Each structure stands twice: as C-alpha cells, then as structure tokens.
Amino acid sequence: MANQVNPPRGMRDFLPAEKARRERLLAVIRASYRAHGFDEIETPVVEDSDRLHAGLGGDNEKLAFGVLKRGLTHDDLRAAAEPLDLVDLGLRFDLTVPLARFYASHRAELPTVFRAIQLAPVWRAERPQKGRYRQFVQCDIDIIGEPGIRAEAELLVATLATVDALGLRDSVIRVNDRRLLVGMLDTLGFAESERDAVLITIDKLDKLGQNGVIDELRANGSTPAAVDALEQFFRRPMTMEHLPFGDRAIRKLLPQGADETVIAELAALGDAVRAARRGPGATESEQLGLQPELLQFDPFLVRGMGYYTGPIFELSHPNVPYSLGGGGRYDGMIGRFLGTEVPATGFSLGFERLVDLLEAEPDGAAAATALLYDADVPLATLLTLKTEMLGGTHGIGGGRVRLVARPKNTKTLLETLSAEGFTRFAFVDASVTDVGDLELRALGA
RNA sequence: GUGGGUGUAGCUCAGAUGGUAGAGCACUGGCUUGUGGUGCCGGUGGCCGCGGGUUCAAGUCCCGUCAUCCACCCCA
C-alpha cells in the first residue's frame, strides 16, 4: 500500500537475503582489489558545497543534494541571490572529487604512488529508473602519482580480474582517449567553443546511430563543414576484419593525422593488458579463441565527466543498455585542490548495476540451524541448546542457530528459513533436554 | 526537467458498460493429523494512494497531487 513508510524516492531498503548477497559481492570486489595492491580508504559522505560545485563534476553537479546551513533566518533567505547561497555542504555525487581532496589533505602520509579502493554510496538527485538510483554504491580504484599508462594497465587488469571473480561473463571494456577525441574534432573542423556540445551528441552514437548523430548536430547548428566531414568519415570504406586492440585497430578507426604519441600509448596499454590476461607461458595462438577480446577501442567513447584528460574507459555488457562502470585519467583535478599537479587515473564499478545483473548465488556460508520449539519448552532449555550448539558461550565458531516458535503451518516457515540460508532444522518439544535429543534434518533448497 | 503505464487486504492480483469490495497465499482459532509440514470449518485484516469535482450513487468517470515503474535527458 502506498503510504508514508516508503524509503525516500530512488533509495532502497534491503531485506536480509538481499543485504547478505550484497555483502558477499562487496567482499569479492574488496578482496580482488586488495590482492592487486590497492588499499581501502573512507571519506565523509558530505563535502564542502563549493568543492562539489567547482566545475569538475560536469552535469552531476546539478544533481548534487545540498545541505542547508544550520540556523538560517528569514533574513538569510531574503538575502540569498541563489539557492546555493543557503547551502554549505553537499552529498558527494561521485568518489573521485572526495578522493582528490583526501589526497591533497593527506599526501604526506601516503606512498608516492597511491592505490586507493573506495566502496561507498554516492547520491544523485536523478529521476529513478531501471539501473538508476538516487543512492547507489560505487566501487572505485584509483592510482594517484603515476603519470604513464603503467597506471591504466594496472587499473584495467585489476578491474578485469574483479569482473571475472564476480562471475560476470561477456563484458567488454571500451577504451578511448580524451586527446584523440579532441584531436578528431579539430581535424574535422569543429570549433573549440562547440566541442562539449558536439561530444554530448557523439556520445549518443550507440542510441541514435550515425545518421541520428549527424541530424542532431545539424539541428544544433554545429559548423556545417565539420558535420559534413564527420558524415564522410562515418561513410568511409572499411574492411570488416577483426583486429585485436592495438596499433592497427586504433589507426583503422581514426581519421588521418591523429596524435602518434597517444596511439602508441594506447597500443602499449592494450599489449600489456593482453599479455597479463594471457598469463605466463601461454602463447598467443594457444589462447586465440579461448580468450575473448576484453578491450575494444572506441573512437566515439566520450564519458560525461569534464575532468578527464587522457585515456578513458567504460565497462559494458550485452545484456544491459547502460554501462556497468567507467573511468579515466584526470590529471588536472588534484592540482585544483593541492596547488601542485599530481597525475591520477581511476576506474569505478557500478555496484548496483552489477548486483542487478548477476545471478543470485546461494550463500556458501557455514551451517545454520533453526530450532522450531513448542510453546511448552522451557526458555532455559532453549538457550542452553543454542549455546551448546554454538560450541560455547562466545558463539562465534562460524555456525548460526536461531530459535523460532513453531507455527501451525511449518511449510512456509521452512521455505523462508531456507531462503535465508539456513541449512538444517530440528523440532524441539518438551521431551528434549539436551543436544543429544535433537533430530537434525537437512533443509533443502 | 520532459513523456507514458500503474497505484484495491501483509504479498500476488480479480473487480465490462458507475449501485458503498473479492480470490489465492500469509497470519490466526477449533477439530483432524501427529511432525518434510494433512484435511475440514471459522477468524483477524481494506480512508479501493491522497485531495477535489460530476452524480441520487464513484474502486469504477473528470481534474489535481503524491508514489512507483518505463522511456527520454544524463549517467554507475
């Protein structure tokens, strides 16, 4: 019934089974990232509003939840020129801006190259939809202090390993570089002033198609000659041969005159990641056909965040229309907070989207026993049984025991318990006095 | 921010053309059964999302509003 006890719009309560499942998946992600040499940190859920609205969050800034200043008066309200004047804090809309502040604040205590894990909720005041929530968990890894593709390679290998560990098949990471994107627009003849708008339209390529993108650019009044050039580029003759992520694949998909340095970087990145995925000892021919292409160069991958400066990534899966994660290099951001430029790059997994996509797996945890007791069994007996089964008074041996009053209809109860991960049960009537009297039965799924 | 669908018991849902509400499951009482969880009879539980309008009469029609889902926008 729709009433006033629902959680806030776009935010969710999690029942025990779902909460347990989320925690299991989170544990997999945490363990995988830690194994790759990253360290987990935590920052406050709110940041200074000024910092959130420093122009680094792109459109997300408009979606930030603000926190009103405490003790506002009517005079304050009247004196405010705009709503943000009444706000001094805001809920973070991503984990990258807080990380940049964190690094700027604690740089002296951190290693020269810092590898961070953040598994935490963020908030955006968007209209909720499938795969989109107003409060959602992001799983970020970032490498701060490493300027070269060494960092990107580590990020991608760790991310792919984590995706594997989660049991997600068929996902692909699309790769591009902000510098190639900008270079392409320049080559085609777009003015710098229209760059952002053009990129937003190009980003819709997978939805609108090539003709749709051209139409929208024309409708928006983009430089006609440049749009013509783009259309011609779309229509260029292309061989359909499949090329692995590397020098040839990148060149094939770019206009003439693209930045050679960037191409070389991306090609090296692809080679390194492929080598790591293949593992030691295996030859390329041995793995051909076994190892699907996990990286894919996409010259039209844009990513919304304005702060990206170099290689950018997006994790996609054929079963869902939205991305499962993304990231890229944001070399300028920390300098905004610290004064000194510090290179940084990161990758963020969309936890909610992974949870929604992954099949629910049974809880492989230790035995859990439910004792269904009759009303006439003394409380002391029940508590003693429970304590004994747990192997002592501390009861942290790994097993679980729950006391449940036996209802008239046990069928539903047993199904519920099974769904909660209980593996066995026993009836407890007044004749039971110690554990030896219990007749334990398996609780089938 | 824009557009569309939905909103009836704890849950899943019925309620053609307007006549003050039903089922299954869940919960619960009795008997039966006597413990992998039966059968029979009964019971609790509904401002039919909320507000307004039309009408003798609205769950049913109209308007508004809120919630939710979906599609845009944008994004994890």
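Here the structure is a predicted model, which is why all the values come from computation and not from measurement. To find a chain, count down the sequence lines: A is the first, B the second, and so on, and within it residues start at 1.
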(request) Among the candidates B/U2, B/U35, B/G36, find the nucleotide nearest to the side-chain atoms of A/R441. (result)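 Of B/U2, B/U35, B/G36, B/G36 is nearest to the side chain of A/R441.
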
(message) Checking contacts here: which listed nucleotide (B/A76, B/C75, B/G36) is nearest the side-chain heavy atoms of A/A442?
(response)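 Minimum distance to the A/A442 side chain belongs to B/G36.
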
(message) Within the supplied structure, the quantity of interest is the number of heavy atoms (other residues, nucleotides, ligands) at a distance under 6.0 Å from A/E42 CD; does it exceed 12?
(response)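 No - once you tally the heavy atoms of other residues, nucleotides and ligands closer than 6.0 Å, there are 12 at most.
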
Length of the line joining [X]:[atom1] and [N]:[atom2], which is rounded to integer Å:
X	N	atom1	atom2	value
A/L440	B/G36	CG	P	14 Å
A/F427	B/G36	CZ	P	7 Å
A/E415	B/G37	CD	C1'	10 Å
A/D203	B/C75	CG	P	6 Å
A/D429	B/U35	CG	C1'	9 Å
A/L417	B/G37	CG	C1'	13 Å
A/L371	B/U35	CG	P	19 Å
A/L15	B/G10	CG	P	16 Å

Scan the side chains in residues 158-168 of chain A for donor-acceptor partners under 3.5 Å anywhere in the protein, sequence neighbours excluded, and list what turns up.
unit_1: A/T159; atom_1: OG1; unit_2: A/L155; atom_2: O; d: 2.8
unit_1: A/T162; atom_1: OG1; unit_2: A/S32; atom_2: OG; d: 2.7
unit_1: A/T162; atom_1: OG1; unit_2: A/A158; atom_2: O; d: 2.8
unit_1: A/D164; atom_1: OD2; unit_2: A/R277; atom_2: NH1; d: 3.2
unit_1: A/D164; atom_1: OD2; unit_2: A/R277; atom_2: NH2; d: 2.7

Table please: side-chain donor-acceptor pairs of residues 310-318 of chain A below 3.5 Å, with sequence neighbours left out.
unit_1: A/E314; atom_1: OE1; unit_2: A/R303; atom_2: NH1; d: 2.9
unit_1: A/E314; atom_1: OE2; unit_2: A/R174; atom_2: NH2; d: 2.8
unit_1: A/S316; atom_1: OG; unit_2: A/R174; atom_2: NE; d: 3.3
unit_1: A/H317; atom_1: ND1; unit_2: A/N319; atom_2: N; d: 3.0
unit_1: A/H317; atom_1: NE2; unit_2: A/R169; atom_2: O; d: 2.7

Mind checking if [X] touches a base, just sugar-phosphate, or nothing, with heavy atoms under 4.0 Å?
X	result
A/K204	sugar-phosphate
A/F351	nothing
A/I200	sugar-phosphate

(message) Assuming nearest nucleotide by heavy-atom distance, tell me which of A/K130 and A/R353 is located more 5' along RNA chain B.
(response)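 Going by which nucleotide is closer to the 5' end, it is A/K130.
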
(message) Taking the nucleotide of RNA chain B with the nearest heavy atom to each, does A/E126 or A/Q129 sit closer to the 5' end?
(response)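 Nearest nucleotide further toward 5': that of A/Q129.
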
Work out how far the [atom1] atom of [N] is from that of [M], and round it to whole angstrom.
N	M	atom1	value
B/C11	B/C50	P	15 Å
B/A21	B/A14	C1'	11 Å
B/U65	B/A23	P	36 Å
B/G7	B/C61	P	10 Å
B/U44	B/G29	P	14 Å
B/G59	B/G15	C1'	8 Å
B/C47	B/U32	P	37 Å
B/A9	B/C27	C1'	12 Å

(request) Name every residue in residues 135-144 of chain A that has at least one heavy atom under 4.0 Å from any atom of RNA chain B, in order of residue number, or write none if there are no such residues. (result)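 Under 4.0 Å from RNA chain B: A/F136, A/Q138.
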
Is any side-chain N of the basic residue among [X] and [Y] closer than 4.0 Å to the acidic one's carboxylate O?
X	Y	answer
A/R115	A/E146	no
A/E40	A/R34	no
A/R150	A/E265	no
A/R274	A/D271	yes

(request) Specify whether A/F427 and A/F425 have parallel, tilted or perpendicular ring planes, treating 30° as the upper limit for parallel and 60° as the lower limit for perpendicular. (result)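 Judged by the thresholds at 30° and 60°, the geometry between A/F427 and A/F425 is perpendicular.
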
(request) For RNA chain B, produce a single dot-bracket line, 5' to 3'. Pairs: Watson-Crick or G-U wobble, both distances under 3.5 Å. Symbols: ( ) within strand, [ ] crossing, | other strand, . unpaired. (result) (((((((..((((.....[..)))).(((((.......))))).....(((((..]....))))))))))))....

Short question: side chain of [X], backbone of [Y] - any donor-acceptor pair under 3.5 Å?
X	Y	value
A/T345	A/G328	yes
A/R329	A/E152	no
A/R406	A/L372	no
A/E23	A/A20	no

side-chain N/O [X] vs [N] OP1/OP2, d < 4.0 Å:
X	N	result
A/K411	B/U35	no
A/R127	B/C69	no
A/R9	B/U68	yes

Detail all sub-3.5 Å separations between protein N/O atoms and N/O atoms belonging to nucleotides 27-33 of chain B.
unit_1: B/G30; atom_1: O6; unit_2: A/K408; atom_2: NZ; d: 2.8

(request) Sequence neighbours left out, what passes side-chain hydrogen bond (donor to acceptor under 3.5 Å, both in side chains) with A/D186? Give chain and number order. (result)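 Here the qualifying residues are A/R195.
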
(request) Taking syn as within 90° of 0 and anti otherwise, name the glycosidic form of B/A16. (result)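 Because its glycosidic torsion lies within 90° of 0, B/A16 adopts the syn conformation.
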
(message) Quick one, A/R92 and A/L95 - any side-chain contact, counting heavy atoms below 4.5 Å?
(response)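 In short, these two side chains touch, coming nearer than 4.5 Å.
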
